[in-house]
Amino acid sequence: MSGNNSEDASGEPTGKLAELLKLLKMNGNDVTKLTQSQQKEMKDYKFWKTQPVPKLDESVSEEGPIDRKKTPEEIPNEPFPLLAEFEWCTLDVTDQQQLEDIFVLLNENYVEDRDASFRFKYTREFFNWSLKPPGWKKDWHVGVRVRGTGKLVAFISAIPVNLNLRNKLVKSVEINFLCVHKQLRGKRLAPVLIKEITRRVNKYDIWFALYTSGTILPSPVTVCRYTHRPLNWDKLLEVGFVHLPPGATKPQMVANYALPKKTTTRGLRPMAPKDVDEVHALFVKYQSRFDLVQDFDKEEFRHWFLGGPEQLNASEDTKVIRSYVVENEDGKITDFFSFYSLPFTILENPVHKELGIGYLFYYASDADFGFNDRFDKEATAALKTRLCQMVNDACILAHNAKMDVFNALTSQDNALFLEKLKFGPGDGFLNFYLFNYKSFPITGGIRDDKSYDVERRSNLGVVML
Ligand SMILES: CCCCCCCCCCCCCC(=O)SCCNC(=O)CCNC(=O)[C@H](O)C(C)(C)COP(=O)(O)OP(=O)(O)OC[C@H]1O[C@@H](n2cnc3c(N)ncnc32)[C@H](O)[C@@H]1OP(=O)(O)O
C-alpha cells in the first residue's frame, strides 16, 4: 500500500518521506551516501556519454546499430542497485491502486511549462490507452518506491513498437513518462531508471528505443516545433496562454479564431470498428512516404485509433482518442484523422482549473496518391486542399468537445496546413531520439530560422504522446 505517506494539509510531505527528503537535502551534492552506480561526477552528459547514442554534432556516415549485437543471457538478471531508502517496483496498471499511484506522481510532478503555470493532467483513461497497447509488458512499468512507506517517487515506462526506418524494420520500444518526484531531482535517479528499463527491455531481446524530450541530449534525429491553434481564445487569454497582440482588440482576436459549429467535409463520420481493415490499408500507404514510421498491425491500429475496450463506450468527458473517416459517395474511405485529449491543470488561477487540449495524432489521405512524387506541385496542392479542410474539421470537432486549444507538431505533412489554419508557432520544441541506432537526420518541418518548412515538410511519420 502506498497511500499512507503523502502530504499534510499544508502540502508538506510527512512521515518517512519527509525524513528522507531532509536527509537528501542535507547531503546536497555530497554523493558519498549514494550507491555505486550513482557515484559519478555531475557534469554535462556524464551519463549520456556512456550510452550507445550518437555524439552531439556527430555526422552519421552509415545507418545502423551502435552497440555490438548482444543476447538477453548477457544481460544481468538483477535490477540496478538503488539507495538503501528506495526499492524497485513493477507497477500493475490493471490494479486500480497502483494506477492511482502513477496518476498521483505524474499529475503532481510531470512536465510543467517554463513559468510553471500549466501541468499535464493525466487521467486513468489516458494511461489505460497509452500504457497498454497490444504486447504491453507489466515488467516495463517501472517504479521506485520509498522503502517502508511505499510512496511512489519515480517512474519510467516502455511499450513495444516496430519502427520502420527507411524500410528497415527496427524492433524497438518507446520510452515515456520518465518522472522523478520534484523533491528528489538532481540526485541522478533518472540515469538509474533509464538503465533499469534498458535492462528489462534487453531481457526481451529488444535493443533499440525511440523517445522524445524537450531537453537537448546527445543526439536528436530530428526536432519538431509545437504549434497551437486557439479554439477558445477568450479563455486562453484569461489563463495567460495567449496575450493580446499590440494594436488588436479582444473581439477582433475572438472573431479571428472563431469556428463554425458544423464540420464541412461531406461524408465525415466517426471511425467504427468495421472500418479498421480499410483505414489501416489507407494509413499504411500514406505513411510509406515518411522516413521514420511505426508499423502498426491491425490489432495495434484498433487500439491506438479506437481505444481500448472501455473507450468504445466512453462518455464525452473521458474519451481519450477520437478518430474520423471521410467516406465518399461510392462508400470508399478516402481520408482519416485522429486526435487525442490531454488536458492541462491550470495552477494558481482563481477561475479556470483546467484547459482542454486536443493533440493532432495520425491522419491519412489519398489526395496525392495519383502522383509519384509527393513534392510535385500539383500533388502538393491537392494534398494541401484536402488537409486544410480535414484538419479544420478536426479543430471544429475538438472545439465542440470542449477543447480550448488544438496542438500539432511540425512533423508529417503538417507544414501544408499550419499557417492557413492559424496554428501559431509555440515556444516549445520536441527532440526525437533513437537509442542504440544511428540514423541520418530526418527533416522535422522547420527551417533553420524555426519557421514552418512548407517546401520540405517533414519526413518524420511517428507521433509520440
Ligand atoms: C533498448 C531499450 C532502451 C531504453 C532506454 C532508452 C533511453 C530512454 C531515455 C529516457 C527518455 C525519457 C522520455 C520522457 O519521458 S521525456 C519526459 C521527461 N520527464 C519530465 O520532464 C518530467 C519532469 N522532470 C523530471 O521528472 C526529472 O527532471 C527527470 C526525470 C526528467 C530528470 O531527473 P532529474 O532532473 O532529477 O535528473 P537526474 O539527476 O536524476 O539525472 C540527470 C541526468 O538525466 C539526464 N536527463 C534529464 N532529463 C532527461 C530526459 N528527459 N530524458 C533523458 N535524460 C534526461 C540529464 O541529462 C542528466 O544526464 P547527463 O546530462 O549527466 O548525461
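Identified under the salt bridge (charged side-chain N to carboxylate O under 4.0 Å, His left out) test for residues 354-366, with sequence neighbours left out: Lys121-Glu354, Lys332-Asp366, Asp366-Arg386.
You'll find the ring centres of Phe344 and Phe118 inside the 6.0 Å limit. When ring centroids are compared, Trp140 and Tyr204 come within the 6.0 Å threshold.
With contacts defined as side-chain heavy-atom distances shorter than 4.5 Å, the pair Gln51/Phe435 qualifies. Side chains of Arg166 and Ser439 form a contact here, defined as non-hydrogen atoms less than 4.5 Å apart. Considering only heavy atoms from C-beta on, Lys353 stays 4.5 Å or farther from Ile346 through its side chain. Leu409 has its side chain within reach of Tyr226: a pair of non-hydrogen atoms, C-beta onward, lies under 4.5 Å apart. Annotation: side chain of Val405 is in contact with side chain of Leu236 (closest heavy-atom distance under 4.5 Å). Annotation: side chain of Val201 is not in contact with side chain of Asp139 (no heavy-atom distance under 4.5 Å). Using a 4.5 Å cut-off on side-chain heavy atoms (C-beta onward), Asp67 and Trp207 make no contact. Considering only heavy atoms from C-beta on, Ile357 stays 4.5 Å or farther from Pro343 through its side chain.
No donor-acceptor pair under 3.5 Å is formed between the side chain of Ser172 and the backbone N or O of Asn162. Using a distance-only test at 3.5 Å, with no hydrogens or angles considered, no donor-acceptor pair links the side chain of Ser323 to the main chain of Met271. A donor-acceptor contact shorter than 3.5 Å links the side chain of Thr222 to the backbone of Ile442. A donor-acceptor contact shorter than 3.5 Å links the side chain of Asn436 to the backbone of Ile66. In this structure a side-chain-to-backbone donor-acceptor pair under 3.5 Å is missing from His181 to Leu105. A donor-acceptor pair is defined here as one N or O able to donate and one able to accept, closer than 3.5 Å; no such pair exists between the side chain of Tyr452 and the backbone of Leu418. The backbone N or O of Val284 lies less than 3.5 Å from no partner atom in the side chain of Gln287, so there is not a single donor-acceptor pair. Using a distance-only test at 3.5 Å, with no hydrogens or angles considered, a donor-acceptor pair links the side chain of Arg229 to the main chain of Tyr257. Of the possible donor and acceptor atoms, one in the side chain of Glu278 sits under 3.5 Å from a partner among the backbone N and O of Ile333. Looking at Ser451, its side chain never comes within 3.5 Å of a backbone N or O of Arg447 through a donor-acceptor pair.
Salt bridge Glu108/Lys182: absent, no basic N to carboxylate O contact under 4.0 Å. At a threshold of 4.0 Å, the pair Lys235-Glu238 does not count as salt-bridged, since none of the basic side-chain nitrogens sits closer than that to a carboxylate oxygen.
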Where do Asp404 and Asn232 land on the side chain to side chain donor-acceptor pair (under 3.5 Å) test, with the steps shown first?
-> CA-CA 5 Å; Asp404 300 306; Asn232 189 355; 2.9 Å; yes

Taking it one step at a time, do Asp101 and Arg145 satisfy salt bridge (charged side-chain N to carboxylate O under 4.0 Å, His left out)?
-> CA-CA 10 Å; Asp101 289 345; Arg145 292 189 188 274; 3.0 Å; yes

CA sep, side-chain torsions, deciding dist, call: Arg199, Glu78, salt bridge (charged side-chain N to carboxylate O under 4.0 Å, His left out) | CA-CA 9 Å; Arg199 188 191 70 80; Glu78 294 305 315; over 6 Å; no

Decide yes or no on side chain to side chain contact (heavy atoms under 4.5 Å, CB included) for Phe155 and Val180, but give the supporting numbers first.
-> CA-CA 7 Å; Phe155 183 69; Val180 167; over 6 Å; no

Show your working on side chain to side chain donor-acceptor pair (under 3.5 Å) between Asn431 and Tyr211 and close with a plain yes or no.
-> CA-CA 8 Å; Asn431 301 285; Tyr211 52 102; over 6 Å; no

Would you sort out whether Glu125 and Lys319 count as a salt bridge (charged side-chain N to carboxylate O under 4.0 Å, His left out), showing the intermediate values?
-> CA-CA 8 Å; Glu125 291 77 14; Lys319 229 182 205 162; over 6 Å; no

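Residue Arg225 comes nearest to Lys450 through the heavy atom pair NH1-O, 2.9 Å, listed as atom of the first residue, atom of the second, then distance. The two residues Asp295 and Glu300 have their closest heavy-atom pair at O-OE1, 3.4 Å. The two atoms that bring Pro230 and Lys422 nearest to each other are CD-O, 3.9 Å, heavy atoms only. Across all non-hydrogen atoms, the minimal contact from Asn407 to Phe423 is C-CE2, 4.5 Å. Annotation for Ala158 and Val173: closest pair CB-CB, 4.0 Å, computed over non-hydrogen atoms. Nearest heavy atom pair, residue Trp129 against residue Gly307, reads CD1-CA, 3.8 Å.
More than 12 non-hydrogen atoms from other residues, nucleotides or ligands lie less than 6.0 angstrom from CG of Asp373. For CG of Asp449, the number of neighbouring non-hydrogen atoms (other residues, nucleotides, ligands) closer than 6.0 Å is greater than 12. Taking a 6.0 Å sphere around CZ of Arg456, one finds it holds 12 or fewer heavy atoms contributed by other residues, nucleotides or ligands. Taking a 6.0 Å sphere around NZ of Lys402, one finds it holds 12 or fewer heavy atoms contributed by other residues, nucleotides or ligands.
Ring geometry for Tyr122 against Phe127 counts as parallel: the plane angle stays under 30°, on a 0 to 90° scale with 60° as the upper cut. Ring pair Phe361/Tyr340 is perpendicular by interplanar angle, where above 60° counts as perpendicular and below 30° as parallel. Using cut-offs of 30° and 60° for the angle between ring planes, the Phe339 and Phe337 rings count as parallel. Taking the six-membered ring where tryptophan is involved, the planes of Phe296 and Phe283 are tilted, since the angle between them lies from 30° to 60°. Between His228 and Phe241, the two ring planes are perpendicular [angle over 60°; tilted spans 30° to 60°].
Expressed to the nearest 0.5 Å, how far CG of Asn107 lies from CD1 of Ile102 amounts to 11.5 Å. Here the straight-line distance linking atom CZ of Arg200 with atom CD1 of Ile206 works out to 14.5 Å at 0.5 Å rounding. Distance check: Phe406 CZ to Leu259 CG gives 10.5 Å after rounding to the nearest 0.5 Å. Separation of atoms OG (Ser130) and NE2 (His303) is listed at 7.5 Å; rounding is to 0.5 Å. A distance of 8.0 Å separates CZ in Phe177 from CD1 in Ile159, rounded to the nearest 0.5 Å. Rounding to the nearest 0.5 Å gives a distance of 9.5 Å between CE of Met390 and CG of Leu268.
Among residues two or more places apart in sequence or in another chain, the side chain to side chain donor-acceptor pair (under 3.5 Å) test is passed with Glu58 by Lys438. Looking at residues two or more places apart in sequence or on another chain, you find a side chain to side chain contact (heavy atoms under 4.5 Å, CB included) between Arg289 and Tyr286, Asp368, Phe369, Arg374, Leu383, Asp413.
Both the sub-6.0 Å distance and the 45° axial angle are satisfied by Arg124 relative to the ring of Phe103.
Side-chain polar atoms of Thr263 and Asp393 form no donor-acceptor pair below 3.5 angstrom. Side-chain polar atoms of Arg457 and Thr410 form no donor-acceptor pair below 3.5 angstrom.
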